[in-house]
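Computed from a predicted structure; not experimentally measured. Chain naming here is simple, since letters A, B, ... match the order of the sequence lines and numbering starts at 1 in each.
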There are 2 protein chains.
Amino acid sequence: MALASDNPRDEQRDVKERLLARPAPPAPKIACFHCPARTSDLCRGVADKDLEELFASSSRIRLKAEETLILDGDEASTVYNVISGAMRLTRLSGDGRRQILGFLFTGNYIGLTPDTLYHFNAEAVSDVELCAFDRRRLETLFKLHPAMEATFRAMAAKVIDQTYDLLFTLGQRTAVERVASFLLYLREAEQCPGKPGAPLHLPMTRTDIADFLGLTIETVSRSFTKLRTDKIIHLVDAHRVEVLRPDLLLAAAGEEAP
Amino acid sequence: MALASDNPRDEQRDVKERLLARPAPPAPKIACFHCPARTSDLCRGVADKDLEELFASSSRIRLKAEETLILDGDEASTVYNVISGAMRLTRLSGDGRRQILGFLFTGNYIGLTPDTLYHFNAEAVSDVELCAFDRRRLETLFKLHPAMEATFRAMAAKVIDQTYDLLFTLGQRTAVERVASFLLYLREAEQCPGKPGAPLHLPMTRTDIADFLGLTIETVSRSFTKLRTDKIIHLVDAHRVEVLRPDLLLAAAGEEAP
DNA sequence: CGTAACCTTGAACGACTTCAACTCACGTGG
DNA sequence: CCACGTGAGTTGAAGTCGTTCAAGGTTACG
């Protein structure tokens, strides 16, 4: 990886500036109509007739895998909606430890915090396409569209609920339970729950999963193996998991009696 | 403890109904003026002249230690502000495991969730005095008082920040680090940071601390002992801790190099 | 004064980590 | 085209930290 600057913060900011400066790519008049995130989260509450307004206040940006979008302490002036790919929210300590606070997929949003600053980093797990909104304009939009406001509340509630779930997982569950919980979390968080038989896609590395669950990569790997030898999942490869027995997975997560 | 019903949920709800039904105790015309929570969190944004309005929409309630205020799944129709005492927010699993999501002290609020339901339990750690607001009325008040809205945002941001801190603690820190972090958390969360030399009051039991930090009570106790033998704290008794060396406590929490 | 609840301490155990070796997929360049 | 190097993932063996089990101590209250 070529380093243009010896200050990682500056370097990352350069990436961000460059991406934000780039005008929206040549897109259909109103891209929102065909946006994969049209029916989810941020935009769901907007009526078709208001899409133009929403589109006008947005701009598309792209990130390559591992690029940084937000640094802890940045001013929270922009709200992002994930159109495709996966992002991660992280918090770091001085001595290099990292906790992943959550993953974000198509339709999830980043940055609608009540604070004026972000208190986490946001990085791309895979190549990512985002829709960026000016926060003030978006909040004005909320006031104009009660349905959007309601949708936002539901989204925020879901985020809080997921965060509490993760707290419970980190505080109370064993390694295998954590990994099982993680797979259930992914099943819910990843967009298409349409295909029940389709294997689950894990865009993140074992290191990401470990830093999310408060484990080491070795323990994560061993837990996957345990679930595999128990015939609860099938590991197509390291990034594709087929859930063979959802009921047993639930039990393995400590959610129910087997 | 006398059981009026064999269903704990009903029993607890009875407590709640009774307390909510009780009219505000004989108080000065506008109790808010002398409320210990006047200058913190929910009410800080209200100008003196608007206090009457705020007071009119509120009612005082009291809880004894260990009484339940909110059950997971209850309708989120009321917002509470802690006037005195300590509360805890918890999440339970079917098999009896418990994670404490946070503690609440004077000036902290409970229940301003974006959802229509609560997704946690709220219980009194000590005897507690609360101020109850109808949520809809409070939200209307927010719209009328921009300063209140701003204050609410700051409060919500603090809660999220603390929750992320706890996530990091549970995922990344060792036992002693967790307990040290807990003491730092208490120092910040408990109202009066005015007296730097005064011992910290821990109203909760070791079991509460353990369920907050994802440890057992034995490990919590051993960690306190470790901090004591290292001359970082002085254990006046089980519920009073004097921080002798704030710098070393910070280092013990893994926040900085010693 | 006795009981019970809470806290502390000790010893043995077990779960997860650490350290290390090995496999596999992929990409690069000889 | 294959050798080589690299990075990610898996697996094994040893070690460590926190848990479990057990006992003793302290405090509060009837």
Side-chain angles (χ1 to χ4, degrees), chain A residues 1-2 65-66 88 95-99 125-126 169-183 200-230 233-241 252 254, chain B residues 1-2 64-66 88 95-99 125-127 169-183 200-230 233-241 252 254:
Chain A
M1 189 180 295
E66 297 303 315
R88 64 172 175 250
D95 60 353
R97 283 180 280 189
R98 182 181 75 151
Q99 176 64 41
V125 169
S126 60
T169 295
L170 295 187
Q172 305 301 326
R173 294 201 230 257
T174 66
V176 174
E177 287 174 344
R178 290 184 205 199
V179 171
S181 298
F182 173 69
L183 292 175
L200 209 53
H201 178 53
L202 318 184
M204 66 290 293
T205 65
R206 292 289 186 266
T207 302
D208 283 338
I209 300 174
D211 286 349
F212 181 63
L213 297 177
L215 301 168
T216 61
I217 57 169
E218 294 94 333
T219 303
V220 170
S221 184
R222 278 185 250 272
S223 300
F224 273 118
T225 303
K226 176 73 165 63
L227 292 173
R228 176 169 56 74
T229 57
D230 286 355
I233 63 171
H234 172 59
L235 280 169
V236 182
D237 63 56
H239 294 282
R240 296 197 155 269
V241 174
Chain B
M1 190 181 293
K64 290 218 182 66
E66 297 303 316
R88 64 173 175 250
D95 59 354
R97 284 181 279 190
R98 182 181 75 151
Q99 176 64 41
V125 169
S126 61
D127 288 2
T169 296
L170 294 188
Q172 305 300 325
R173 294 202 230 257
T174 65
V176 174
E177 287 174 345
R178 291 184 203 198
V179 171
S181 298
F182 173 68
L183 292 175
L200 209 53
H201 178 54
L202 318 184
M204 66 290 293
T205 64
R206 292 291 185 266
T207 302
D208 283 338
I209 299 174
D211 286 349
F212 181 63
L213 297 177
L215 301 168
T216 61
I217 56 170
E218 293 94 332
T219 302
V220 170
S221 184
R222 279 186 249 270
S223 300
F224 272 118
T225 303
K226 176 73 164 63
L227 292 173
R228 175 169 57 76
T229 57
D230 287 353
I233 62 171
H234 171 59
L235 280 169
V236 182
D237 62 57
H239 295 279
R240 296 196 156 268
V241 173

Query raised in the report: Quick one: B:Leu227 CG to C:dT8 P, roughly how many Å, whole number?
Result: 12 Å

Query - Qualifying residue, where the test is side chain to side chain contact (heavy atoms under 4.5 Å, CB included) with B:Ile233 and the options are B:Leu200, B:Val179, B:Val241 - result: B:Val241

Requested in this report: Between C:dT8, D:dA13, C:dA11, spot the one nearest the side chain of A:Arg222, thanks.
Outcome: D:dA13

Requested in this report: Round to the nearest Å and state the distance from B:Asp237 atom CG to C:dA5 atom C1'.
Outcome: 15 Å

Report summary line: Per salt bridge (Lys or Arg N to Asp or Glu O under 4.0 Å), B:Asp211 is matched among B:Arg88, B:Arg97, B:Arg98 by B:Arg98

Requested in this report: Round to the nearest Å and state the distance from B:Leu235 atom CG to C:dC6 atom P.
Outcome: 18 Å

Query raised in the report: Would you say D:dG18 has OP1 or OP2 under 4.0 Å from some side-chain N or O of B:Thr219?
Result: no

Query raised in the report: Would you find a donor on one side and an acceptor on the other, under 3.5 Å apart, between the side chain of A:Thr225 and the backbone of A:Ser221?
Result: yes

Query raised in the report: Reckon A:His239 has a side-chain N or O less than 4.0 Å from the OP1 or OP2 of D:dG9?
Result: yes

Requested in this report: Round to the nearest Å and state the distance from A:Gln172 atom CD to C:dC16 atom P.
Outcome: 14 Å

Report task. Specify the separation, in whole Å, of atom CD of A:Glu218 and atom P of D:dA14. Result -> 16 Å

Query raised in the report: So do the side chains of B:Leu202 and B:Arg240 get within less than 4.5 Å of each other, counting heavy atoms only?
Result: no

Query - Heavy-atom side-chain contact between B:Phe224 and B:Leu183 under 4.5 Å - result: yes

Query raised in the report: According to a strict under-4.0 Å criterion, is B:Arg173 in side-chain N/O contact with OP1 or OP2 of D:dG18?
Result: no

Report task. Starting at atom CZ of A:Arg97, determine the distance to atom P of C:dT18, rounded to an integer number of angstrom. Result -> 11 Å

**Report entry** Short side-chain N/O contact to C:dC16 OP1/OP2 from A:Thr216, under 4.0 Å
**Finding:** no

Requested in this report: Remember a base hit wins even if backbone is also touched, and classify A:Arg228 as base, sugar-phosphate or nothing at under 4.0 Å, heavy atoms.
Outcome: sugar-phosphate

Requested in this report: Round to a whole Å and report the spacing from CD1 of B:Ile217 to C1' of D:dA23.
Outcome: 14 Å

Query - Length of the CE-P vector between A:Met204 and D:dG9, whole Å - result: 11 Å

